[in-house]
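Read the structure below first, then the notes.
Only this structure's heavy atoms are used, side chains among them; waters, hydrogens and symmetry mates stay out. Just follow the structure's listing: the first ligand is 1, and inside any ligand the first atom is 1.
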Amino acid sequence: MEPAPWSHPGYAHIFAHVQQRAGLQLPTCIPAAEEGIDRAMARAGEKDRALYLGRLTSDPGAFDDLLNELTIGETYFFRTHEHFDFLRHHALPELRRTRSPEHALRVWSAGCASGEEPYSLAVLLMEEGYGHRMEVHATDISRAALAHAQQASYSAWSLRSTGAERMRPFLRMEDKRYVLASEVRHRVRFHYLNLALDTWPSPESGISGMDIIFCRNVLIYFTRPTIAAVARRLYESLAEGGFLITGPSDPNLAGLAPLEPLLTGWGVAWQRLPPGAPRAAPAPPAFPFLPPTPAAAFTPPPLSPLPMVAPPRPPTPPPQPAPHRPPTLPPLPAAPSVTERLEPARQAMERGDWRNAAQLARAQEEGPEAAAMTIRALANVNPGAAATACTEATARFPLAAELRYLEAMVLLGLGRLGEAERAARQVVYLEPALAVAHLTLGHVLRRQEDLAGAQRAFRAAEELCAALPPDSPVPLSEGERAGRLAQVAHDERVRLETMMKREES
Ligand SMILES: C[S@@+](CC[C@H](N)C(=O)[O-])C[C@H]1O[C@@H](n2cnc3c(N)ncnc32)[C@H](O)[C@@H]1O
C-alpha cells in the first residue's frame with residue numbers, strides 16, 4: 001500500500017488511532033485533515049502531537065472533537081426526500097401488511113449527527129398514524145452532536161430542504177432558533193454508539209429487531225473492512241422484512257451481507273427478506289459505467305432506466321388530527337439555492353484558498369455542481385485527490401458531463417492517458433455539442449500519438465466553436481470566447497496535418 005502523504009509522522013499516528021477506533025478511511029485531502037488535527041489540538045491546548053495522541057486515548061471529549069474535524073456532521077430535516085417518500089409509499093404499507101396491528105415500529109437512525117434525521121423519521125411516522133406505536137433510536141459517535149440533538153434547537157440552515165416544511169407544525173421560534181416541540185423530541189431516544197465496534201446488535205445496546213434503519217452518509221467515511229463488518233451488523237440488526245436505507249454516495253453493500261437490493265427510481269434500498277421469500281432483482285453493479293472501448297469503435301451502450309419497486313400506493317390519510325400551528329412562527333426561510341450554498345466555497349476559490357474551498361464545497365456535496373467545485377479546488381492542491389474525487393463524483397452522477405470533463409482534464413494532467421481518453425469519450429457521448437470535450441479528446445489522442453483521431457477531434461471542436469457567435473463564451477471553458485477557441489482548435493488541427501504529411505513523405 002502507498003504510504004500516506006502526511007507532512008509529519010505525528011499526524012499519521014494520530015490518524016491511525018482514529019482509524020483503529022472509528023474505522024475511518026484515509027481522507028481524500030490530507031492537507032485539510034492535517035489542518036483539522038491542528039485545530040483540534042489547539043482547542044485541546046496541546047502543541048505536541050505525541051502528547052496529544054496520549055490525550056486522545058484518555059479524554060473522550062478530545063477524541064470526539066477530533067472526529068468532528070475529520071467527518072462532516074452535515075445534516076438537515078427531510079434530507080433526500082426520496083427516502084422518506086419510499087418509506088411512506090413502499091416500506092410502511094408493506095410493514096403494515098406483515099406486522100400485527102399492535103406492533104410498535106422499531107426505527108434506527110445510525111449516525112444521526114445533530115438529530116434532524118431521526119426527528120424527520122418521527123414526524124413521518126406521526127403523520128402515518130404511528131404516534132404511539134413507534135420506537136425511534138438515534139445513535140452517533142459524537143457526544144457533542146448527540147447533545148445538540150437532545151437540545152433540539154436549530155438554525156434556519158437545518159430547514160433548508162423543501163421537505164422541511166413538514167416540521168413546521170412542531171417548531172416554535174425562540175431567540176432566533178427553531179425549537180422542536182416536546183411531542184416529537186420525546187419520541188426519539190438518543191444514545192452513543194460507535195458503529196465500528198462489535199458491540200451491537202444486542203438487546204443491551206437497544207439495537208436489534210429494527211423494522212427500518214437509516215444509515216446515511218456515514219459509511220462513506222469507513223475503510224472497506226469496516227464497511228463490510230458494519231453491513232453485516234446492520235443486516236443482523238434488522239427484523240425479517242425490515243428495510244435499510246443508505247445515503248446516495250454511500251458504498252454499495254451488494255455481496256457484503258445477504259440483503260435484498262430494491263432498485264428504485266432514486267437508487268437502491270435494502271431489505272432483509274424473511275427466509276424462503278423469493279429474491280427479486282440481481283445485485284446492482286458497484287458503479288454505473290460505460291465500458292472501455294477502442295477509440296475508433298466507441299459506441300456506448302444504451303442507458304436503460306432501473307426497474308422500479310412496486311408502484312407506490314396512495315398515501316394513507318393520517319388518523320390523527322393535524323397538530324395546531326403556533327401562530328407566532330415566522331415563515332420558514334426559502335431554501336437557499338445551490339449557488340447560494342456554494343458562495344463561501346466560490347469566494348475561497350477566488351482567494352486561491354483551494355483547501356478551504358474544497359472542504360466547503362465538499363460539505364455541500366449534494367449535487368453535481370458542488371462536486372465539480374470540489375474537484376476544481378482539489379485539482380489546484382492535490383491532483384491525485386482530485387482524481388479520486390472524480391471517481392466518486394462520476395459514480396454518483398454518471399450523466400453529469402461536466403464531471404466527466406473534469407475527470408478527463410485531471411487524468412490528462414496526471415498523464416493517465418488511457419483513462420483520460422475514456423473519460424473524454426464519455427463526455428463526447430453525453431454532450432456531443434460540447435466543444436471543450438472534443439478539444440480535450442484531441443489533446444489526449446495526440447499525446448497517445450493517434451494523430452488521425454486527434455485531427456478529427458480538433459476538427460469537431462473547431463466546427464462547434466465556429467458555429468457560435470465569436471464573442472459568446474464556450475460552455476465549461478472558464479470564459480473562453482468561441483472565436484478564440486475555434487482558432488486554437490484550427491491551429492492544432494493544421495499543425496497535426498502538417499506533421500502527418502511530413503510523416504507520409
Ligand atoms: C454526515 S453525518 C450524517 C447525518 C445523517 N445520517 C444524514 O445523512 O443527514 C455523519 C455522522 O456519522 C458520524 N460517525 C462517524 N463515524 C462514526 C462511527 N464510527 N460510529 C458512529 N457514528 C459515526 C459522525 O459523527 C456524523 O455525525
Side-chain angles (χ1 to χ4, degrees), residues 15 17-27 33 36 40 56 60-61 63-84 87 107-122 124 136-150 154 157-161 163-164 167 188 190-201 205-207 212-231 233-234 237 244-251 266-267 269 359 362-366 370 396:
F15 188 77
H17 176 80
V18 177
Q19 187 162 65
Q20 192 224 332
R21 278 176 68 179
L24 297 198
Q25 63 164 319
L26 206 58
L56 288 177
F63 182 71
D64 221 33
D65 187 48
L66 177 57
L67 259 187
N68 286 338
E69 285 287 355
L70 298 174
T71 59
I72 297 169
E74 172 76 357
T75 185
Y76 44 92
F77 289 108
F78 285 97
R79 177 181 195 174
T80 318
H81 69 87
E82 294 88 346
H83 295 169
F84 294 90
L87 287 197
V107 178
W108 176 27
S109 161
C112 63
S114 41
E116 289 89 331
E117 180 178 275
Y119 287 137
S120 302
L121 285 165
L124 174 88
V136 183
H137 291 259
T139 64
D140 203 281
I141 198 175
S142 163
R143 290 181 180 81
L146 289 169
H148 181 180
Q150 277 162 315
Y154 296 99
W157 192 232
S158 293
L159 294 156
R160 60 187 178 276
S161 83
M167 297 305 297
V188 181
F190 290 96
H191 38 113
Y192 174 92
L193 185 98
N194 181 350
L195 288 169
L197 299 185
D198 190 12
T199 54
W200 57 281
S205 65
I207 301 302
I212 293 164
I213 301 177
F214 267 40
C215 184
R216 305 186 307 161
N217 309 302
V218 186
L219 298 170
I220 31 166
Y221 294 111
F222 294 158
T223 57
R224 282 309 292 178
T226 311
I227 294 166
V230 171
R233 289 199 286 271
L234 286 170
S237 306
L244 165 67
I245 309 285
T246 55
S249 48
D250 281 325
W266 47 263
Q359 266 202 327
R362 193 175 274 277
Q364 295 305 327
E365 207 165 311
E366 283 293 297
R396 288 173 63 195

Q: Report the member of T80, L219, N68, I141 with the shortest heavy-atom distance to atom 17 (C) of ligand 1.
A: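 Looking at heavy atoms only, the winner is I141.
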Ligand 1 versus [X]: contacting region, heavy-atom distance under 4.0 Å:
{"X": "E117", "value": "side chain"}
{"X": "F222", "value": "side chain"}
{"X": "A145", "value": "neither"}
{"X": "T139", "value": "neither"}

Give the residue and atom name of whichever protein heavy atom lies nearest to [atom], and the separation in Å to one decimal.
{"atom": "atom 21 (C) of ligand 1", "answer": "L193 O, 3.4 Å"}
{"atom": "atom 19 (N) of ligand 1", "answer": "N194 OD1, 3.0 Å"}
{"atom": "atom 10 (C) of ligand 1", "answer": "N217 O, 3.5 Å"}
{"atom": "atom 1 (C) of ligand 1", "answer": "I72 O, 2.7 Å"}
{"atom": "atom 9 (O) of ligand 1", "answer": "T75 OG1, 2.6 Å"}

So does [X] pair up with [Y], basic N to acidic O under 4.0 Å?
{"X": "E74", "Y": "R160", "answer": "yes"}
{"X": "R79", "Y": "E117", "answer": "no"}
{"X": "R233", "Y": "D198", "answer": "yes"}

Q. Does the gap between the ring centers of F77 and Y154 come in under 6.0 Å?
A.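 Yes, they do, as the ring centres are separated by less than 6.0 Å.
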Q. Would you say Y192 and T139 make side-chain contact, with heavy atoms under 4.5 Å?
A.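 No - every pair of side-chain heavy atoms lies 4.5 Å or more apart.
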Q: Just say parallel, tilted or perpendicular for the rings of F214 and F84, cut-offs at 30° and 60°.
A: tilted
Would you mind listing which atoms of ligand 1 come within a distance below 4.0 Å of any non-hydrogen atom of [X]?
{"X": "A113", "result": "4 (C), 27 (O)"}
{"X": "G111", "result": "3 (C), 4 (C), 5 (C), 6 (N)"}
{"X": "L195", "result": "18 (C), 19 (N), 20 (N), 21 (C)"}

Q.
Could you walk me through whether L24 and L70 satisfy the side chain to side chain contact (heavy atoms under 4.5 Å, CB included) test, starting with their C-alpha distance in whole Å, then the side-chain angles of each, then the deciding distance to 0.1 Å, before giving a yes or no?
A. CA-CA 9 Å; L24 297 198; L70 298 174; 4.1 Å; yes
(Q) With a cutoff of 4.0 Å, is D140 in contact with ligand 1, counting heavy atoms of the residue only? (A)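 It does; at least one heavy atom falls under 4.0 Å.
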